[in-house]
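The structure appears below as C-alpha cells.
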Amino acid sequence: MFEALFRQREPAGPGLAERRTLVLRTHTCGELRSSDLGSEVALCGWVDRVRDHKGVIFIDLRDRWGRTQLVVGPESPPAVLAAARAVRAEWVIRARGAVGARPAGTTNPKLVTGEIEVVVRELDVLNEAETPAFQPGATELPGEEVRLKHRWLDLRRPAMQDNMFLRSRIVKIMRDHFDELGFIDVETPMLGRSTPEGARDYLVPSRLDHGSFFALPQSPQLYKQLLMMAGFDRYVQVAKCFRDEDLRADRQPEFTQLDVEMSFVEADDVIGVIEGLVKRTAREILGIDVPLPLPRLTWDECMERFGHDAPDLRFGLEIVDLTAIAGESDFRVFRGAVESGGRIRGVRVPGAAAKFSRKDLDELTAVAVEGGAKGLVWLKVEADGSWVGPVAKNLTGVADPLKAALGCEPGDLALIVADSFDVTCKALHMLRKRLGAALGLYDRDAMHFSWVVDFPMFAADVETGGWASMHHPFTAPRPADVEILEADPAACRAVAYDLVINGSEAGGGTIRIHDSATQEKVFKLLGISAETARERFGFLLDALRSGAPPHGGIALGIDRWVMLFGKLDSIRDVIAFPKTQKASDLMTGAPSTVDTKQLVELGIRTVVPPPKPA
RNA sequence: GGGGGUGUAGCUCAGUUGGUUAGAGCGCCAGCCUGUCACGUUGGAGGCCGCGGGUUCGAGUCCCGUCACCCUCGCCA
C-alpha cells in the first residue's frame, strides 16, 4: 500500500533533472518503469531484503522514494555474485546495471517498480550494518520503547517516512497560504522572560547573571503582539513552544505552532484566513471539499449540547436537559441535585439497550464517576415503552415526560447524570466520547471542522479563589461586555475562537486588548497588582500606550494538525524525535546530569543528589 | 500526585493449578536451492522471565516494593 504513497512524493519538474546530476546514483528506488528498459542506471539505498537462490540473488533496495528489485544472476561477474551473497539487511549499497524487464509472470503488481528490475553489473558496499534491533521492513511493529530508542531505524519505516513527508507538505501549504496573503515570517526569541501564569516554564540559567533565568517560550504571544505594534500588520511563524506539564498522546513538552497575528482585524478576519487554510489543506492533502464558512458554536451552546468546549461533532448523542422534568420526581438523587442548584442531564443512546450488559453499564458508571459524578442513572426502554433500570421505580409521574424529552423509543438506552452543571458536563462528555468510539458512531475517515466562539473571559481559579484567564490575560472582552468587566466577570465573554477538528482543539486565538486601560483592568481582575504588571509586562503596557493598532491572531497546533490529517492516534508519530511521557528522550538519554563545572559556571547547586549511573 | 495497562530470546508474543531441561514465529549463523518478492528448505546459536525483597521443598507464575514504557484524571493562560 505504501508504494502508492511513494508516488505522491515524486517531485514534479526540475527535481528529477537535479537528481540526475548526482554522481553516485542516476535514479531513486521509486522511479524506474518499463519506459526505462535498457537504460544504464545506478541506484543507492538500503538493503530491505535479500532472497538468495544460489544461482540468482534478489535484493530489494529501499530509499525514501520506494523499492526496486536488484537481480544478480549467472551472467553477473563472479565478484558481484560473491558480494551480493555477503550483503545483509540494512547495508547501504550502490548498484550499477541495466534496467531489465521481469520475465512474464514474475512482475510484482504491489510495487510501482514491479515491472522492472536492475540487472546488476557492479555492486559497491557503501557501508555495512550491524544486525538492526528491529527491521524497518518488517510487518510487525516493535513496541514504542524500542522504536524511540532506535529512532533512526523507526524513521526508516515507510509509514514514518510518510508521516514526516505529510508534515512537510502541510507546513508548506501553511507557508504558501500565508505568504500569498502578504504575511511576513518573523522569528522571535527562544530565551525570554518567565511569566509564572499559565503553564510551568522550562528555565535556562544565565551564566552572566547568576541566579537569573531565561524561560523558553510557551508561545510567542507577547512578541507577536509587539510586532503588530511595530507595524508589521500580518505576521506568521512556525514556532517551537515549550510547556513543562504532564504529557498525553496529543501533548509533548515541546511542540510546534503555526503562530499568526494580524492588525486592524476583527475575529471574522482571522477566522476567514484560517478557514481558507483549512479548505486548502483538506483539498490538497485529503482531496475533500470543506464547505465554508465552517459551523460556529458558542461556548455556552457547546457546554449545553456536548458538555465540552471542543466537542466531537462527528456524531450526535447530544445532551438533553431534564432538570425541570426529573426534578419533579421523588427520586432523592434528582431532587438533591436540583435543590443544591445543580442540573439533571442525560443522553439518549438509540437502540443501545440490548448492546449493554450489566457489566458494560458498570463500566459506563465508572466513566461517569471518573468525570466527577457520584453515579450514573441508566434506563432502558422496554418494548412496551416502560423504563427498566435500578431507579425505574423512582420515576413515578415523570416516566413519560422523561421519555418524551429524551426522545426515547423502545430499545433505547438513556444515561442520566444529576449534579452540578460542571460535573454533568464533564461526566456526559466522557460518556459521549466513550460511546462514540465503542459504538462506532462515526466514520474514522470523516473530518469535521468547526469553530467554538464566545468563550468566557474568566474561569474561577480554585487555587486562589479569584479569577483566571480562560485563554490568556491579553484577550479582549466582547465590546458589549467591557462595561460589565468589573461588575460581573463571570458573565463577560471574550472575543475568542477555537478551531475544533474531530473533538480535538486544533487551534485557538483571540482578539487582543489594544488599550492599556483595559489591559490594566484585566490584570487587576486576575489579581496581578499594578507593580507586578509593571515589572513583568511593563514593556507591553508602554507599547500599548505608544500607538497600538487593534489586533488579534491565532495559533494552530501543527503536530495535532498533522496527526489529524494523517488519521493517526499519537502526536509522537508526526514528530521525528519525540519525548516519552516522562519527557525523556530514549535515544539521546536527555535529560541528563551535567558536569559540576557547568553548574559552577552557572552559579547553580542542585538540591537532589544525582541519580547513580545505571 | 491519583487510576489503569504492559514488561519472558535481537523483535512480536505464548507460557495451564506454583512442579522436570521456559516455547513459537520473525530475525541471526551455517548448509542446500536459477525467478523470488513475507522465497523455500535443513540444521544451529541465542534467556538476569525489567530490577530488589518475601512466601514456599520449589516462583516466569503468588505477595510487597521499585523502575521503565503506554493510556488516563489532575495539570496544560
Side-chain angles (χ1 to χ4, degrees), chain A residues 3 48-61 67-76 81 88-90 100 102-111 113-114 117 119 130-150 153 195-201 218-219 221-222 241-253 255 363 366-367 369-372 426-427 430 433-434 455 457-459 461-463 467-475 494 496 505 508 510 522 526 528 555 557 569-570 572 579-582 584 586 611 614:
Chain A
E3 280 81 7
D48 199 59
R49 268 203 168 79
V50 182
R51 290 176 295 280
D52 184 349
H53 293 238
K54 192 84 164 197
V56 58
I57 300 169
F58 300 99
I59 297 171
D60 288 340
L61 194 64
R67 257 162 52 194
T68 299
Q69 174 166 287
L70 309 178
V71 58
V72 182
E75 65 278 12
S76 301
L81 205 61
R88 293 291 180 268
E90 300 308 310
R102 296 197 187 186
T106 66
T107 59
N108 186 348
K110 287 188 282 185
L111 238 47
T113 59
E117 60 195 359
V119 183
E130 290 176 5
T131 302
F134 63 93
Q135 284 201 295
T139 47
E140 277 173 331
L141 189 64
E144 191 155 15
E145 215 171 331
V146 176
R147 292 172 53 202
L148 289 174
K149 186 166 180 194
H150 307 274
L153 289 178
T195 51
E197 305 81 24
R200 212 172 279 121
D201 282 322
Q218 295 181 23
S219 80
Q221 182 60 37
L222 288 173
C241 306
F242 304 84
R243 294 178 191 175
D244 188 3
E245 297 292 345
D246 284 355
L247 277 46
R248 287 287 187 284
D250 63 350
R251 267 168 25 197
Q252 280 276 301
F255 58 101
E363 270 172 35
V367 169
V369 168
E370 199 183 331
K426 184 90 191 294
M430 289 171 76
K433 261 175 79 170
R434 166 65 72 95
F455 281 72
M457 276 289 283
F458 308 103
D461 187 330
V462 282
E463 278 176 33
W467 297 105
S469 289
M470 199 91 166
H471 270 84
H472 52 63
F474 319 108
T475 301
E505 184 193 330
T510 64
V522 169
L526 295 172
I528 300 171
D569 295 318
S570 168
R572 293 184 297 277
K579 299 207 169 24
T580 69
Q581 204 159 56
K582 273 194 69 189
S584 67
L586 296 181

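Note on naming: letters A, B, ... go to the chains in the order of the sequence lines (proteins, then strands), and numbering restarts at 1 for each one.
Nucleotide B/U6 is matched to B/A68 when pairs are restricted to Watson-Crick or G-U wobble geometry with both distances under 3.5 angstrom. Shown here, B/C13 forms a base pair with B/G23; the pair counts as Watson-Crick or G-U wobble because both key distances fall under 3.5 Å. A 3.5 Å limit on both hydrogen-bonding distances identifies no Watson-Crick or G-U partner for B/C49.
Between B/G4 and B/C63, the two P atoms lie 14 Å apart (nearest whole Å). Spacing between B/U8 and B/G2 at atom C1', rounded to whole Å, works out to 30 Å. Straight-line distance between the C1' atoms of B/G54 and B/A68: roughly 23 Å, to the nearest whole Å. For the P atom pair drawn from B/G5 and B/C62, the interatomic distance equals 13 Å after rounding to whole Å. Annotation: B/U72 and B/A59 have their C1' atoms spaced 33 Å apart (nearest Å). Between B/G44 and B/G3, the two P atoms lie 49 Å apart (nearest whole Å).
Ring pair A/H150/A/F134 is perpendicular by interplanar angle, where above 60° counts as perpendicular and below 30° as parallel.
Residue A/L586 is in sugar-phosphate contact alone, with no base atom involved, counting any heavy-atom pair closer than 4.0 Å across all strands shown. Residue contacts for A/A199: at a heavy-atom cut-off of 4.0 Å it reaches the sugar-phosphate backbone alone, with no base atom in range.
No side-chain donor-acceptor contact under 3.5 Å links A/Q581 to the backbone of A/R248. Looking only at distances, no side-chain donor or acceptor of A/H53 sits under 3.5 Å from a matching main-chain atom of A/G55. The main-chain N or O of A/Q218 is found under 3.5 Å from a side-chain atom of A/R243 such that the two form a donor-acceptor pair. Between the A/T107 side chain and the A/G114 main chain, no donor and acceptor come within less than 3.5 Å of each other. The main-chain N or O of A/Q221 is found under 3.5 Å from a side-chain atom of A/S219 such that the two form a donor-acceptor pair.
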Which pairs would a plain distance check flag for residues 137-148 of chain A, meaning a side-chain donor or acceptor within less than 3.5 Å of a matching protein atom at least two apart in sequence or in another chain?
{"unit_1": "A/E144", "atom_1": "OE1", "unit_2": "A/R572", "atom_2": "NH2", "d": "3.0"}
{"unit_1": "A/E144", "atom_1": "OE2", "unit_2": "A/R572", "atom_2": "NE", "d": "2.6"}
{"unit_1": "A/R147", "atom_1": "NE", "unit_2": "A/D154", "atom_2": "OD1", "d": "2.9"}
{"unit_1": "A/R147", "atom_1": "NE", "unit_2": "A/D154", "atom_2": "OD2", "d": "3.0"}
{"unit_1": "A/R147", "atom_1": "NH2", "unit_2": "A/D154", "atom_2": "OD2", "d": "3.1"}
{"unit_1": "A/R147", "atom_1": "NH2", "unit_2": "A/D573", "atom_2": "OD1", "d": "3.0"}

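Evaluation of atom-type donor-acceptor distances gives a pair under 3.5 Å for the side chain of A/R248 against the base of B/G74.
For the pair A/R434 CZ and B/C73 C1', the interatomic distance rounds to 13 Å; values are reported in whole Å. Rounding to whole angstrom units, NZ of residue A/K433 and C1' of B/C71 are separated by 11 Å. Remark: P of B/U72 and CG of A/D250 are 7 Å apart, rounded to the nearest angstrom.
Shown here are the salt bridge (Lys or Arg N to Asp or Glu O under 4.0 Å) partners of A/D250, two or more places apart in sequence or in another chain: A/R560. Evaluation of the ring pair (Phe, Tyr, Trp, His ring centres under 6.0 Å) rule for A/F242 yields no partner, not counting sequence neighbours.
Checked against B/C76, B/C28, B/C71, the side chain of A/R243 finds its nearest nucleotide in B/C76. Relative to the side chain of A/R251, the nucleotides B/C28, B/C70, B/C76 differ in distance, and B/C76 lies closest.
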Summarise how protein sits on nucleotides 33-42 of chain B as a single string, 5' to 3': B when a protein heavy atom is under 4.0 Å from the base, S for sugar-phosphate-only contact, - for no contact. BBBBBSB---
Contact state string [nucleotides 9-15 of chain B, B base, S sugar-phosphate only, - no protein heavy atom under 4.0 Å]: -SSS---
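Salt bridge status for A/R51 with A/D60: present, with a side-chain N to carboxylate O gap under 4.0 Å.
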Please tabulate, one pair per line, each protein N/O and nucleotide N/O from nucleotides 43-47 of chain B that are separated by under 3.5 Å, including the distance.
none

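Contact annotation: A/K582 reaches the phosphate of B/A68 (side-chain N/O to OP1 or OP2, under 4.0 Å).
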